[in-house]
2 protein chains.
Amino acid sequence: MTELGQKLPKPVAMPTRPRSAGCAAADCAACEVRSLTFCAGLKPEEMGRLAAIVTRLNLAARQMLFHEGDSAEFVYNVTHGAVKLYKLLPDGRRQITGFLLAGDFLGLAGKDGYSYSAETISPVELCRFPRRKLDQLFVVFPGLEHQLLGLATDELVAAQDQMLLLGRRTAAEKVASFLLRLSERGKVRGQPGNPVQLPMTRGDIADYLGLTIETVSRTLSQMRRDQLIRQRSLTEIELTAVERLADLAQG
Amino acid sequence: MTELGQKLPKPVAMPTRPRSAGCAAADCAACEVRSLTFCAGLKPEEMGRLAAIVTRLNLAARQMLFHEGDSAEFVYNVTHGAVKLYKLLPDGRRQITGFLLAGDFLGLAGKDGYSYSAETISPVELCRFPRRKLDQLFVVFPGLEHQLLGLATDELVAAQDQMLLLGRRTAAEKVASFLLRLSERGKVRGQPGNPVQLPMTRGDIADYLGLTIETVSRTLSQMRRDQLIRQRSLTEIELTAVERLADLAQG
DNA sequence: AAGGTGATTTGATGCAAGTCATGGTCGGCA
DNA sequence: TGCCGACCATGACTTGCATCAAATCACCTT
(Lines give C-alpha, C1' and ligand atoms only; values in the text may rest on other atoms or scores of the structure.)
Protein backbone atom coordinates (compact mmCIF):
# COMPACT_ATOMS: atom_id res chain seq x y z
CA MET A 1 0.00 0.00 0.00
CA THR A 2 1.07 3.51 -0.68
CA GLU A 3 0.44 7.01 0.53
CA LEU A 4 -3.10 8.16 0.10
CA GLY A 5 -2.86 11.49 -1.59
CA GLN A 6 -5.28 13.02 0.88
CA LYS A 7 -2.40 13.20 3.28
CA LEU A 8 -0.41 16.31 2.63
CA PRO A 9 -2.75 18.28 0.41
CA LYS A 10 0.07 20.76 0.72
CA PRO A 11 -1.28 24.09 -0.52
CA VAL A 12 0.91 24.71 -3.51
CA ALA A 13 1.05 28.22 -4.90
CA MET A 14 -1.21 28.27 -7.93
CA PRO A 15 0.41 30.02 -10.85
CA THR A 16 -2.14 31.88 -12.92
CA ARG A 17 -1.42 30.64 -16.39
CA PRO A 18 -1.16 33.50 -18.86
CA ARG A 19 -2.23 31.39 -21.80
CA SER A 20 -5.98 31.07 -22.23
CA ALA A 21 -6.19 27.89 -24.26
CA GLY A 22 -9.13 25.59 -23.63
CA CYS A 23 -12.91 25.95 -23.63
CA ALA A 24 -13.08 29.38 -22.07
CA ALA A 25 -16.46 30.92 -22.69
CA ALA A 26 -14.94 33.42 -25.08
CA ASP A 27 -12.44 31.00 -26.54
CA CYS A 28 -13.80 27.53 -27.33
CA ALA A 29 -13.04 28.21 -30.99
CA ALA A 30 -9.35 28.37 -30.11
CA CYS A 31 -9.40 25.28 -27.87
CA GLU A 32 -6.37 23.12 -28.63
CA VAL A 33 -7.95 19.91 -27.47
CA ARG A 34 -11.46 20.37 -28.79
CA SER A 35 -11.14 17.58 -31.33
CA LEU A 36 -10.61 15.11 -28.47
CA THR A 37 -13.69 16.16 -26.47
CA PHE A 38 -17.45 16.09 -26.84
CA CYS A 39 -17.08 19.69 -28.05
CA ALA A 40 -15.76 18.24 -31.31
CA GLY A 41 -17.77 18.74 -34.48
CA LEU A 42 -20.46 20.96 -33.02
CA LYS A 43 -22.22 23.64 -35.03
CA PRO A 44 -21.48 27.26 -34.09
CA GLU A 45 -24.87 27.62 -32.44
CA GLU A 46 -24.31 24.53 -30.30
CA MET A 47 -20.84 25.75 -29.35
CA GLY A 48 -22.32 29.02 -28.19
CA ARG A 49 -24.88 27.29 -25.98
CA LEU A 50 -22.16 25.11 -24.50
CA ALA A 51 -19.90 28.08 -23.88
CA ALA A 52 -22.75 29.73 -22.01
CA ILE A 53 -22.81 27.02 -19.34
CA VAL A 54 -19.09 26.29 -19.01
CA THR A 55 -16.87 27.44 -16.15
CA ARG A 56 -13.10 27.48 -16.54
CA LEU A 57 -11.15 26.21 -13.52
CA ASN A 58 -7.49 26.43 -12.58
CA LEU A 59 -6.25 24.06 -9.89
CA ALA A 60 -2.86 23.49 -8.29
CA ALA A 61 -1.34 20.03 -7.95
CA ARG A 62 -2.75 17.65 -5.31
CA GLN A 63 -6.21 19.19 -5.18
CA MET A 64 -9.39 17.12 -4.98
CA LEU A 65 -11.98 17.71 -7.69
CA PHE A 66 -14.48 15.51 -5.88
CA HIS A 67 -14.70 12.38 -3.74
CA GLU A 68 -16.23 9.01 -4.49
CA GLY A 69 -19.92 9.15 -3.56
CA ASP A 70 -20.29 12.93 -3.94
CA SER A 71 -23.45 13.81 -5.82
CA ALA A 72 -22.44 14.19 -9.44
CA GLU A 73 -23.32 17.77 -10.29
CA PHE A 74 -20.62 18.45 -12.86
CA VAL A 75 -18.78 16.90 -15.74
CA TYR A 76 -15.34 18.10 -16.78
CA ASN A 77 -12.95 18.32 -19.67
CA VAL A 78 -9.25 18.49 -18.82
CA THR A 79 -7.52 21.09 -20.99
CA HIS A 80 -4.07 21.13 -19.35
CA GLY A 81 -2.27 19.00 -16.80
CA ALA A 82 -2.93 15.55 -15.37
CA VAL A 83 -5.63 14.13 -13.08
CA LYS A 84 -5.92 10.74 -11.37
CA LEU A 85 -9.14 8.86 -10.61
CA TYR A 86 -9.18 6.28 -7.83
CA LYS A 87 -11.24 4.09 -5.56
CA LEU A 88 -10.32 3.18 -1.98
CA LEU A 89 -10.98 0.18 0.24
CA PRO A 90 -11.80 0.87 3.90
CA ASP A 91 -8.29 -0.17 4.97
CA GLY A 92 -6.64 2.29 2.59
CA ARG A 93 -5.80 0.03 -0.33
CA ARG A 94 -6.15 2.11 -3.46
CA GLN A 95 -6.89 1.35 -7.09
CA ILE A 96 -6.29 4.13 -9.60
CA THR A 97 -8.82 3.60 -12.39
CA GLY A 98 -7.40 6.15 -14.79
CA PHE A 99 -5.01 8.98 -15.52
CA LEU A 100 -6.53 11.90 -17.45
CA LEU A 101 -4.52 14.19 -19.70
CA ALA A 102 -5.43 17.23 -21.79
CA GLY A 103 -8.53 16.46 -23.87
CA ASP A 104 -9.87 13.79 -21.52
CA PHE A 105 -13.35 13.74 -20.07
CA LEU A 106 -14.58 12.86 -16.57
CA GLY A 107 -17.72 12.93 -14.52
CA LEU A 108 -20.11 10.30 -15.84
CA ALA A 109 -21.87 8.84 -12.83
CA GLY A 110 -24.72 6.53 -11.95
CA LYS A 111 -27.39 7.24 -9.37
CA ASP A 112 -25.03 6.77 -6.40
CA GLY A 113 -22.92 9.80 -7.30
CA TYR A 114 -19.36 9.72 -8.58
CA SER A 115 -17.98 6.19 -8.52
CA TYR A 116 -14.41 7.39 -7.93
CA SER A 117 -12.43 10.26 -6.41
CA ALA A 118 -10.58 12.70 -8.67
CA GLU A 119 -7.37 14.50 -7.68
CA THR A 120 -4.99 16.68 -9.67
CA ILE A 121 -1.44 15.41 -10.18
CA SER A 122 0.00 18.59 -11.68
CA PRO A 123 -1.43 22.10 -12.02
CA VAL A 124 -4.57 21.60 -14.10
CA GLU A 125 -6.98 23.60 -16.23
CA LEU A 126 -10.50 22.32 -16.72
CA CYS A 127 -13.81 23.11 -18.37
CA ARG A 128 -16.64 22.42 -15.93
CA PHE A 129 -20.25 21.84 -17.07
CA PRO A 130 -23.25 21.58 -14.74
CA ARG A 131 -24.74 18.18 -15.44
CA ARG A 132 -28.29 19.54 -15.10
CA LYS A 133 -27.79 22.21 -17.73
CA LEU A 134 -25.96 19.80 -20.01
CA ASP A 135 -28.97 17.47 -19.83
CA GLN A 136 -31.17 20.35 -20.94
CA LEU A 137 -28.92 20.94 -23.94
CA PHE A 138 -29.20 17.24 -24.86
CA VAL A 139 -32.90 17.80 -25.55
CA VAL A 140 -32.13 20.59 -28.01
CA PHE A 141 -28.92 19.11 -29.48
CA PRO A 142 -29.11 15.33 -29.47
CA GLY A 143 -25.76 15.27 -31.24
CA LEU A 144 -24.15 16.26 -27.96
CA GLU A 145 -25.45 13.15 -26.25
CA HIS A 146 -24.28 11.13 -29.23
CA GLN A 147 -20.74 12.44 -28.73
CA LEU A 148 -20.94 11.56 -25.07
CA LEU A 149 -22.07 8.00 -25.81
CA GLY A 150 -19.05 7.67 -28.07
CA LEU A 151 -16.72 8.82 -25.30
CA ALA A 152 -18.37 6.50 -22.79
CA THR A 153 -17.94 3.60 -25.21
CA ASP A 154 -14.25 4.39 -25.63
CA GLU A 155 -13.84 4.50 -21.87
CA LEU A 156 -15.56 1.15 -21.59
CA VAL A 157 -13.19 -0.40 -24.12
CA ALA A 158 -10.23 1.01 -22.18
CA ALA A 159 -11.67 -0.32 -18.92
CA GLN A 160 -11.92 -3.83 -20.38
CA ASP A 161 -8.31 -3.62 -21.50
CA GLN A 162 -7.34 -2.61 -18.00
CA MET A 163 -9.22 -5.61 -16.57
CA LEU A 164 -7.16 -7.91 -18.79
CA LEU A 165 -4.01 -6.18 -17.60
CA LEU A 166 -4.91 -6.34 -13.90
CA GLY A 167 -6.18 -9.90 -13.94
CA ARG A 168 -3.84 -11.70 -16.28
CA ARG A 169 -0.60 -9.82 -17.02
CA THR A 170 2.68 -10.17 -15.12
CA ALA A 171 4.44 -7.22 -13.52
CA ALA A 172 6.81 -6.73 -16.47
CA GLU A 173 3.94 -6.97 -18.96
CA LYS A 174 1.98 -4.42 -16.95
CA VAL A 175 4.76 -1.86 -16.87
CA ALA A 176 5.58 -2.35 -20.57
CA SER A 177 1.91 -1.92 -21.51
CA PHE A 178 1.70 1.18 -19.38
CA LEU A 179 4.71 2.85 -21.01
CA LEU A 180 3.48 2.03 -24.51
CA ARG A 181 -0.01 3.33 -23.78
CA LEU A 182 1.35 6.60 -22.40
CA SER A 183 3.47 6.94 -25.50
CA GLU A 184 0.43 6.42 -27.74
CA ARG A 185 -1.59 8.95 -25.81
CA GLY A 186 1.21 11.47 -26.26
CA LYS A 187 1.19 10.92 -30.01
CA VAL A 188 -2.57 11.46 -30.26
CA ARG A 189 -1.97 14.82 -28.62
CA GLY A 190 0.69 15.76 -31.16
CA GLN A 191 3.54 15.26 -28.69
CA PRO A 192 6.69 13.36 -29.58
CA GLY A 193 5.54 10.10 -28.00
CA ASN A 194 9.02 8.91 -27.47
CA PRO A 195 10.59 10.42 -24.52
CA VAL A 196 7.48 9.50 -22.48
CA GLN A 197 6.47 11.97 -19.79
CA LEU A 198 5.41 10.47 -16.44
CA PRO A 199 3.59 13.19 -14.52
CA MET A 200 2.57 10.70 -11.82
CA THR A 201 4.67 9.19 -9.00
CA ARG A 202 5.84 5.58 -8.78
CA GLY A 203 3.19 5.09 -6.11
CA ASP A 204 0.48 6.23 -8.50
CA ILE A 205 1.77 3.91 -11.22
CA ALA A 206 1.81 1.02 -8.75
CA ASP A 207 -1.78 1.66 -7.67
CA TYR A 208 -2.82 1.89 -11.32
CA LEU A 209 -1.18 -1.43 -12.27
CA GLY A 210 -2.11 -3.40 -9.17
CA LEU A 211 1.52 -3.60 -8.00
CA THR A 212 3.68 -2.11 -5.24
CA ILE A 213 6.07 0.81 -5.57
CA GLU A 214 8.99 -1.55 -5.14
CA THR A 215 7.91 -3.85 -7.94
CA VAL A 216 7.42 -0.90 -10.32
CA SER A 217 10.84 0.43 -9.41
CA ARG A 218 12.56 -2.94 -9.81
CA THR A 219 10.80 -3.59 -13.12
CA LEU A 220 11.93 -0.24 -14.51
CA SER A 221 15.48 -0.96 -13.32
CA GLN A 222 15.45 -4.33 -15.06
CA MET A 223 14.18 -2.70 -18.28
CA ARG A 224 17.02 -0.22 -18.03
CA ARG A 225 19.53 -3.08 -17.62
CA ASP A 226 17.93 -4.82 -20.63
CA GLN A 227 18.32 -1.64 -22.69
CA LEU A 228 14.58 -1.44 -23.27
CA ILE A 229 14.39 2.07 -21.83
CA ARG A 230 16.65 4.91 -20.79
CA GLN A 231 15.71 7.16 -17.90
CA ARG A 232 16.46 10.77 -18.79
CA SER A 233 15.05 11.87 -15.46
CA LEU A 234 12.55 10.56 -12.96
CA THR A 235 9.68 11.88 -15.04
CA GLU A 236 11.01 11.25 -18.52
CA ILE A 237 11.64 7.82 -20.00
CA GLU A 238 12.95 7.11 -23.45
CA LEU A 239 11.73 3.91 -25.13
CA THR A 240 14.84 2.57 -26.82
CA ALA A 241 13.32 -0.67 -28.13
CA VAL A 242 9.62 -0.15 -28.78
CA GLU A 243 9.38 -3.42 -30.69
CA ARG A 244 10.81 -5.57 -27.88
CA LEU A 245 8.75 -3.62 -25.37
CA ALA A 246 5.60 -4.44 -27.36
CA ASP A 247 6.52 -8.13 -27.43
CA LEU A 248 7.05 -8.05 -23.69
CA ALA A 249 3.69 -6.31 -23.16
CA GLN A 250 1.85 -9.02 -25.11
CA GLY A 251 3.39 -11.91 -23.14
CA MET B 1 -4.76 -20.87 -17.09
CA THR B 2 -7.92 -22.70 -17.94
CA GLU B 3 -9.70 -24.26 -20.84
CA LEU B 4 -10.61 -21.89 -23.58
CA GLY B 5 -14.23 -22.54 -24.32
CA GLN B 6 -13.52 -22.67 -28.04
CA LYS B 7 -12.36 -26.19 -27.48
CA LEU B 8 -15.29 -28.56 -27.54
CA PRO B 9 -18.00 -26.42 -29.07
CA LYS B 10 -19.91 -29.65 -28.60
CA PRO B 11 -23.11 -29.31 -30.64
CA VAL B 12 -25.72 -29.44 -27.93
CA ALA B 13 -29.26 -30.15 -28.99
CA MET B 14 -31.09 -26.84 -28.89
CA PRO B 15 -34.45 -27.19 -27.19
CA THR B 16 -37.03 -24.94 -28.79
CA ARG B 17 -38.42 -23.09 -25.84
CA PRO B 18 -42.20 -23.09 -25.92
CA ARG B 19 -42.47 -19.84 -23.98
CA SER B 20 -42.08 -16.69 -26.07
CA ALA B 21 -41.05 -14.21 -23.41
CA GLY B 22 -38.67 -11.43 -24.45
CA CYS B 23 -38.65 -8.76 -27.11
CA ALA B 24 -40.14 -10.83 -29.91
CA ALA B 25 -41.48 -8.59 -32.61
CA ALA B 26 -45.02 -9.45 -31.68
CA ASP B 27 -44.40 -9.54 -27.96
CA CYS B 28 -42.21 -6.71 -26.62
CA ALA B 29 -45.20 -5.60 -24.55
CA ALA B 30 -45.03 -8.88 -22.66
CA CYS B 31 -41.23 -8.84 -22.22
CA GLU B 32 -40.36 -9.85 -18.66
CA VAL B 33 -37.07 -8.03 -18.60
CA ARG B 34 -38.00 -4.88 -20.48
CA SER B 35 -37.62 -2.66 -17.42
CA LEU B 36 -33.93 -3.63 -17.25
CA THR B 37 -33.15 -2.81 -20.89
CA PHE B 38 -33.04 0.21 -23.14
CA CYS B 39 -36.56 -0.82 -24.20
CA ALA B 40 -37.74 0.51 -20.82
CA GLY B 41 -40.03 3.52 -20.74
CA LEU B 42 -40.52 3.87 -24.49
CA LYS B 43 -43.69 5.22 -26.02
CA PRO B 44 -45.84 2.73 -27.98
CA GLU B 45 -44.75 4.26 -31.27
CA GLU B 46 -41.07 3.90 -30.37
CA MET B 47 -41.65 0.32 -29.25
CA GLY B 48 -43.21 -0.44 -32.60
CA ARG B 49 -40.25 0.94 -34.51
CA LEU B 50 -37.86 -1.03 -32.34
CA ALA B 51 -39.85 -4.22 -32.76
CA ALA B 52 -39.61 -3.73 -36.51
CA ILE B 53 -35.82 -4.05 -36.50
CA VAL B 54 -35.37 -6.73 -33.84
CA THR B 55 -34.53 -10.37 -34.51
CA ARG B 56 -35.11 -12.99 -31.85
CA LEU B 57 -32.32 -15.57 -31.46
CA ASN B 58 -32.16 -18.89 -29.68
CA LEU B 59 -28.74 -20.34 -29.02
CA ALA B 60 -27.50 -23.49 -27.33
CA ALA B 61 -24.82 -23.45 -24.64
CA ARG B 62 -21.17 -22.89 -25.69
CA GLN B 63 -21.98 -20.97 -28.87
CA MET B 64 -20.05 -17.88 -29.94
CA LEU B 65 -22.08 -14.73 -30.53
CA PHE B 66 -19.04 -12.99 -31.95
CA HIS B 67 -15.27 -12.74 -31.56
CA GLU B 68 -13.10 -9.87 -30.36
CA GLY B 69 -12.31 -7.67 -33.34
CA ASP B 70 -15.36 -8.67 -35.41
CA SER B 71 -16.99 -5.66 -36.99
CA ALA B 72 -19.75 -4.61 -34.60
CA GLU B 73 -22.91 -4.92 -36.67
CA PHE B 74 -25.33 -5.81 -33.90
CA VAL B 75 -26.22 -5.04 -30.33
CA TYR B 76 -28.07 -7.53 -28.16
CA ASN B 77 -30.34 -7.86 -25.17
CA VAL B 78 -30.21 -11.13 -23.28
CA THR B 79 -33.72 -12.28 -22.39
CA HIS B 80 -32.96 -15.76 -21.01
CA GLY B 81 -29.82 -17.62 -20.02
CA ALA B 82 -26.25 -16.54 -19.36
CA VAL B 83 -23.46 -15.20 -21.59
CA LYS B 84 -19.77 -14.58 -20.85
CA LEU B 85 -17.61 -11.84 -22.37
CA TYR B 86 -13.85 -12.30 -22.50
CA LYS B 87 -10.54 -11.13 -23.88
CA LEU B 88 -7.58 -13.39 -24.67
CA LEU B 89 -3.82 -12.89 -24.66
CA PRO B 90 -1.84 -14.52 -27.51
CA ASP B 91 -0.66 -17.33 -25.21
CA GLY B 92 -4.20 -18.23 -24.18
CA ARG B 93 -4.49 -16.42 -20.88
CA ARG B 94 -8.09 -15.27 -20.57
CA GLN B 95 -9.86 -12.49 -18.71
CA ILE B 96 -13.63 -12.68 -18.50
CA THR B 97 -14.87 -9.08 -18.40
CA GLY B 98 -18.46 -9.84 -17.55
CA PHE B 99 -21.27 -12.33 -17.13
CA LEU B 100 -24.59 -11.32 -18.67
CA LEU B 101 -27.97 -12.51 -17.40
CA ALA B 102 -31.54 -11.89 -18.52
CA GLY B 103 -32.07 -8.17 -19.04
CA ASP B 104 -28.42 -7.37 -19.74
CA PHE B 105 -27.14 -5.55 -22.77
CA LEU B 106 -24.07 -6.16 -24.95
CA GLY B 107 -22.52 -4.94 -28.15
CA LEU B 108 -21.24 -1.41 -27.59
CA ALA B 109 -18.02 -1.13 -29.57
CA GLY B 110 -15.48 1.43 -30.68
CA LYS B 111 -14.11 1.77 -34.18
CA ASP B 112 -12.00 -1.40 -33.93
CA GLY B 113 -15.02 -3.67 -33.69
CA TYR B 114 -16.09 -5.62 -30.64
CA SER B 115 -13.52 -5.32 -27.87
CA TYR B 116 -14.30 -8.77 -26.47
CA SER B 117 -15.62 -12.17 -27.50
CA ALA B 118 -19.06 -13.31 -26.41
CA GLU B 119 -20.03 -16.93 -25.78
CA THR B 120 -23.16 -18.49 -24.33
CA ILE B 121 -22.84 -20.39 -21.05
CA SER B 122 -26.32 -21.90 -21.02
CA PRO B 123 -29.05 -22.01 -23.67
CA VAL B 124 -29.79 -18.37 -24.37
CA GLU B 125 -32.51 -16.22 -25.90
CA LEU B 126 -31.58 -12.81 -27.25
CA CYS B 127 -32.99 -9.77 -29.01
CA ARG B 128 -30.63 -8.68 -31.77
CA PHE B 129 -30.68 -5.15 -33.24
CA PRO B 130 -28.71 -4.06 -36.31
CA ARG B 131 -26.49 -1.24 -35.10
CA ARG B 132 -26.99 0.70 -38.33
CA LYS B 133 -30.77 0.70 -38.05
CA LEU B 134 -30.62 1.49 -34.36
CA ASP B 135 -28.51 4.55 -35.16
CA GLN B 136 -31.22 5.66 -37.58
CA LEU B 137 -33.80 5.36 -34.84
CA PHE B 138 -31.64 7.52 -32.56
CA VAL B 139 -32.20 10.43 -34.94
CA VAL B 140 -35.95 10.07 -34.62
CA PHE B 141 -36.09 9.04 -30.94
CA PRO B 142 -33.24 10.66 -29.02
CA GLY B 143 -34.66 9.12 -25.87
CA LEU B 144 -33.36 5.78 -27.06
CA GLU B 145 -29.81 7.05 -27.15
CA HIS B 146 -30.33 8.56 -23.72
CA GLN B 147 -31.29 5.14 -22.36
CA LEU B 148 -28.19 3.67 -23.96
CA LEU B 149 -25.92 6.28 -22.39
CA GLY B 150 -27.41 5.37 -19.03
CA LEU B 151 -26.64 1.70 -19.57
CA ALA B 152 -23.11 2.50 -20.74
CA THR B 153 -22.57 4.60 -17.62
CA ASP B 154 -23.74 1.76 -15.39
CA GLU B 155 -21.37 -0.60 -17.17
CA LEU B 156 -18.54 1.84 -16.65
CA VAL B 157 -19.23 2.03 -12.92
CA ALA B 158 -19.25 -1.76 -12.75
CA ALA B 159 -15.99 -1.92 -14.71
CA GLN B 160 -14.31 0.41 -12.21
CA ASP B 161 -15.49 -1.77 -9.36
CA GLN B 162 -14.02 -4.76 -11.12
CA MET B 163 -10.67 -2.96 -11.50
CA LEU B 164 -10.59 -2.40 -7.75
CA LEU B 165 -11.36 -6.08 -7.23
CA LEU B 166 -8.75 -7.34 -9.69
CA GLY B 167 -6.00 -4.96 -8.60
CA ARG B 168 -6.38 -4.77 -4.85
CA ARG B 169 -8.52 -7.52 -3.35
CA THR B 170 -7.28 -10.85 -2.00
CA ALA B 171 -8.56 -14.19 -3.28
CA ALA B 172 -11.05 -14.59 -0.42
CA GLU B 173 -12.31 -11.02 -0.86
CA LYS B 174 -12.73 -11.59 -4.59
CA VAL B 175 -14.82 -14.73 -4.16
CA ALA B 176 -16.94 -13.17 -1.40
CA SER B 177 -17.60 -10.08 -3.54
CA PHE B 178 -18.51 -12.28 -6.46
CA LEU B 179 -21.06 -14.30 -4.53
CA LEU B 180 -22.66 -11.19 -3.04
CA ARG B 181 -22.88 -9.47 -6.42
CA LEU B 182 -24.52 -12.49 -8.01
CA SER B 183 -26.99 -12.56 -5.14
CA GLU B 184 -27.84 -8.89 -5.69
CA ARG B 185 -28.29 -9.40 -9.41
CA GLY B 186 -30.69 -12.24 -8.68
CA LYS B 187 -32.75 -9.99 -6.42
CA VAL B 188 -33.01 -7.24 -9.05
CA ARG B 189 -34.50 -9.89 -11.33
CA GLY B 190 -37.09 -10.88 -8.75
CA GLN B 191 -35.34 -14.15 -7.93
CA PRO B 192 -34.74 -15.30 -4.36
CA GLY B 193 -31.18 -14.00 -4.19
CA ASN B 194 -30.22 -16.42 -1.53
CA PRO B 195 -29.50 -19.77 -2.85
CA VAL B 196 -27.24 -18.16 -5.49
CA GLN B 197 -27.24 -19.79 -8.91
CA LEU B 198 -23.83 -20.21 -10.58
CA PRO B 199 -24.46 -20.95 -14.26
CA MET B 200 -20.72 -20.66 -15.03
CA THR B 201 -17.92 -23.15 -14.33
CA ARG B 202 -15.17 -22.74 -11.73
CA GLY B 203 -12.82 -22.01 -14.61
CA ASP B 204 -15.03 -19.13 -15.74
CA ILE B 205 -15.19 -17.76 -12.21
CA ALA B 206 -11.40 -17.98 -11.95
CA ASP B 207 -10.88 -16.13 -15.21
CA TYR B 208 -13.36 -13.47 -14.10
CA LEU B 209 -11.65 -12.91 -10.74
CA GLY B 210 -8.05 -13.12 -11.95
CA LEU B 211 -7.41 -16.39 -10.06
CA THR B 212 -6.92 -20.07 -10.92
CA ILE B 213 -9.53 -22.81 -10.74
CA GLU B 214 -7.71 -24.32 -7.79
CA THR B 215 -7.73 -21.11 -5.78
CA VAL B 216 -11.45 -20.60 -6.40
CA SER B 217 -12.15 -24.17 -5.32
CA ARG B 218 -9.98 -23.92 -2.20
CA THR B 219 -11.53 -20.59 -1.25
CA LEU B 220 -15.06 -21.99 -1.55
CA SER B 221 -14.01 -25.04 0.51
CA GLN B 222 -12.63 -22.76 3.22
CA MET B 223 -15.85 -20.72 3.22
CA ARG B 224 -17.78 -23.96 3.65
CA ARG B 225 -15.57 -24.94 6.59
CA ASP B 226 -16.11 -21.45 8.07
CA GLN B 227 -19.88 -21.88 7.71
CA LEU B 228 -20.11 -18.84 5.45
CA ILE B 229 -21.78 -20.83 2.69
CA ARG B 230 -23.41 -24.18 2.08
CA GLN B 231 -23.15 -25.90 -1.27
CA ARG B 232 -26.49 -27.37 -2.24
CA SER B 233 -25.03 -28.52 -5.53
CA LEU B 234 -22.20 -27.49 -7.81
CA THR B 235 -24.31 -24.71 -9.28
CA GLU B 236 -26.23 -23.61 -6.21
CA ILE B 237 -24.68 -21.97 -3.17
CA GLU B 238 -26.51 -20.83 -0.09
CA LEU B 239 -25.12 -17.79 1.70
CA THR B 240 -25.47 -18.69 5.38
CA ALA B 241 -23.79 -15.58 6.80
CA VAL B 242 -24.30 -12.67 4.44
CA GLU B 243 -23.09 -10.19 7.05
CA ARG B 244 -19.75 -11.92 7.63
CA LEU B 245 -19.40 -12.48 3.91
CA ALA B 246 -19.83 -8.74 3.33
CA ASP B 247 -17.20 -7.96 5.96
CA LEU B 248 -14.84 -10.39 4.27
CA ALA B 249 -15.52 -8.83 0.87
CA GLN B 250 -14.63 -5.35 2.13
CA GLY B 251 -11.31 -6.46 3.64
C1' DA C 1 -24.26 -51.56 -13.02
C1' DA C 2 -20.11 -50.44 -15.48
C1' DG C 3 -17.27 -47.52 -17.73
C1' DG C 4 -15.84 -43.05 -19.74
C1' DT C 5 -15.12 -38.15 -19.55
C1' DG C 6 -14.89 -33.67 -18.02
C1' DA C 7 -15.26 -30.80 -13.83
C1' DT C 8 -14.02 -30.20 -9.20
C1' DT C 9 -11.42 -30.84 -5.05
C1' DT C 10 -7.25 -31.62 -2.48
C1' DG C 11 -2.32 -31.90 -1.44
C1' DA C 12 2.67 -30.77 -2.14
C1' DT C 13 5.84 -27.58 -3.77
C1' DG C 14 7.72 -23.35 -6.14
C1' DC C 15 7.95 -18.69 -7.46
C1' DA C 16 6.50 -13.94 -8.46
C1' DA C 17 5.49 -10.30 -6.09
C1' DG C 18 4.79 -8.29 -1.48
C1' DT C 19 6.86 -6.66 2.95
C1' DC C 20 10.44 -4.80 5.68
C1' DA C 21 14.55 -2.24 6.17
C1' DT C 22 18.15 0.89 4.63
C1' DG C 23 20.41 4.24 2.04
C1' DG C 24 20.53 7.56 -1.89
C1' DT C 25 18.84 11.56 -4.59
C1' DC C 26 16.65 15.68 -5.47
C1' DG C 27 14.27 20.05 -4.81
C1' DG C 28 12.65 23.57 -1.60
C1' DC C 29 13.69 26.62 1.91
C1' DA C 30 15.75 28.80 6.05
C1' DT D 1 24.97 26.15 1.80
C1' DG D 2 23.25 22.80 4.22
C1' DC D 3 19.18 20.76 6.32
C1' DC D 4 14.78 18.46 5.59
C1' DG D 5 11.22 15.73 3.76
C1' DA D 6 9.35 13.34 -0.13
C1' DC D 7 10.42 10.19 -3.45
C1' DC D 8 13.02 6.54 -5.30
C1' DA D 9 16.15 2.37 -5.50
C1' DT D 10 17.66 -1.94 -3.81
C1' DG D 11 18.76 -5.94 -0.84
C1' DA D 12 16.90 -9.61 2.31
C1' DC D 13 13.10 -12.17 3.55
C1' DT D 14 8.34 -13.71 3.54
C1' DT D 15 4.04 -15.19 1.63
C1' DG D 16 -0.17 -15.67 -1.16
C1' DC D 17 -1.29 -17.67 -4.94
C1' DA D 18 0.13 -20.46 -8.97
C1' DT D 19 1.72 -24.80 -10.61
C1' DC D 20 1.96 -29.65 -10.81
C1' DA D 21 -0.04 -33.97 -9.73
C1' DA D 22 -3.60 -37.05 -8.14
C1' DA D 23 -7.87 -38.35 -6.34
C1' DT D 24 -12.79 -37.78 -6.28
C1' DC D 25 -17.23 -36.46 -8.00
C1' DA D 26 -21.06 -35.76 -11.30
C1' DC D 27 -23.10 -37.17 -15.38
C1' DC D 28 -23.76 -39.58 -19.50
C1' DT D 29 -23.93 -43.64 -22.41
C1' DT D 30 -24.30 -48.38 -23.01
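Sequence lines set the chain letters: A, B, ... in the order given, protein chains first and strands last, and positions in each chain run from 1. When reading the values below, keep in mind they use all heavy atoms of this one structure, side chains included, and skip hydrogens, waters and symmetry mates. As the structure is a prediction and not an experimental result, all values here were calculated from the model.
Contact detail for B/Arg189 and B/Leu101: the closest heavy-atom pair is NE-CB, 3.7 Å.
Below 30°, between 30° and 60°, or above 60°: for A/Phe66 and A/Tyr114 the angle between ring planes is below 30°, a parallel geometry.
The CG-C1' distance, from B/Asp207 to D/dA18, rounds to 13 Å in whole Å. Straight-line distance from the CG atom of B/Leu165 to the P atom of D/dC17: 12 Å, rounded to whole Å. The CE-P distance, from A/Met200 to D/dC7, rounds to 15 Å in whole Å. In this structure, CG of B/Leu209 is placed 16 Å from C1' of D/dG16, rounded to the nearest angstrom. Between A/Gln222 atom CD and C/dA17 atom P the separation is 12 Å, expressed in whole Å. A/Arg169 has its CZ atom 13 Å from the P atom of C/dA17, to the nearest Å. When the C1' atom of D/dC8 is taken as reference, atom CZ of A/Arg232 falls 20 Å away, rounded to whole Å.
Over its length, the helix from C/dA1-D/dT30 to C/dA30-D/dT1 turns its helix axis by 30°, as judged from the five terminal pairs at each end, rounded to 10°.
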Inset, instruction - Heavy atoms under 4.0 Å is the rule here; annotate nucleotides 9-15 of chain C 5' to 3' with B where the base is hit, S where only the sugar-phosphate is, and - elsewhere. - result: BBBB---

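Classification of A/Arg169 and A/Asp161 as a salt-bridged pair fails, no side-chain N sitting under 4.0 Å from a carboxylate O. With respect to B/Glu184 and B/Lys187, a salt bridge is recorded, a charged nitrogen being found less than 4.0 Å from a carboxylate O.
Note: A/Ile96 CD1 to A/Gln162 CD = 10.5 Å, rounded to the nearest 0.5 Å. To the nearest 0.5 Å, atoms CG (A/Asp226) and CG (A/Leu245) are separated by 10.5 Å.
The backbone N or O of A/Asp204 sits less than 3.5 Å from a side-chain atom of A/Thr201, completing a donor-acceptor pair.
Residue A/Thr170 is in sugar-phosphate contact alone, with no base atom involved, counting any heavy-atom pair closer than 4.0 Å across all strands shown.
The B/Thr212 side chain lies nearest to D/dT19 when the options are C/dA17, D/dT19, C/dT8.
Counting heavy atoms from C-beta on, the side chains of A/Leu65 and A/Tyr76 come closer than 4.5 Å.
For the 3.5 Å distance criterion, the side chains of B/Thr240 and B/Glu238 fail to qualify, holding no donor opposite an acceptor.
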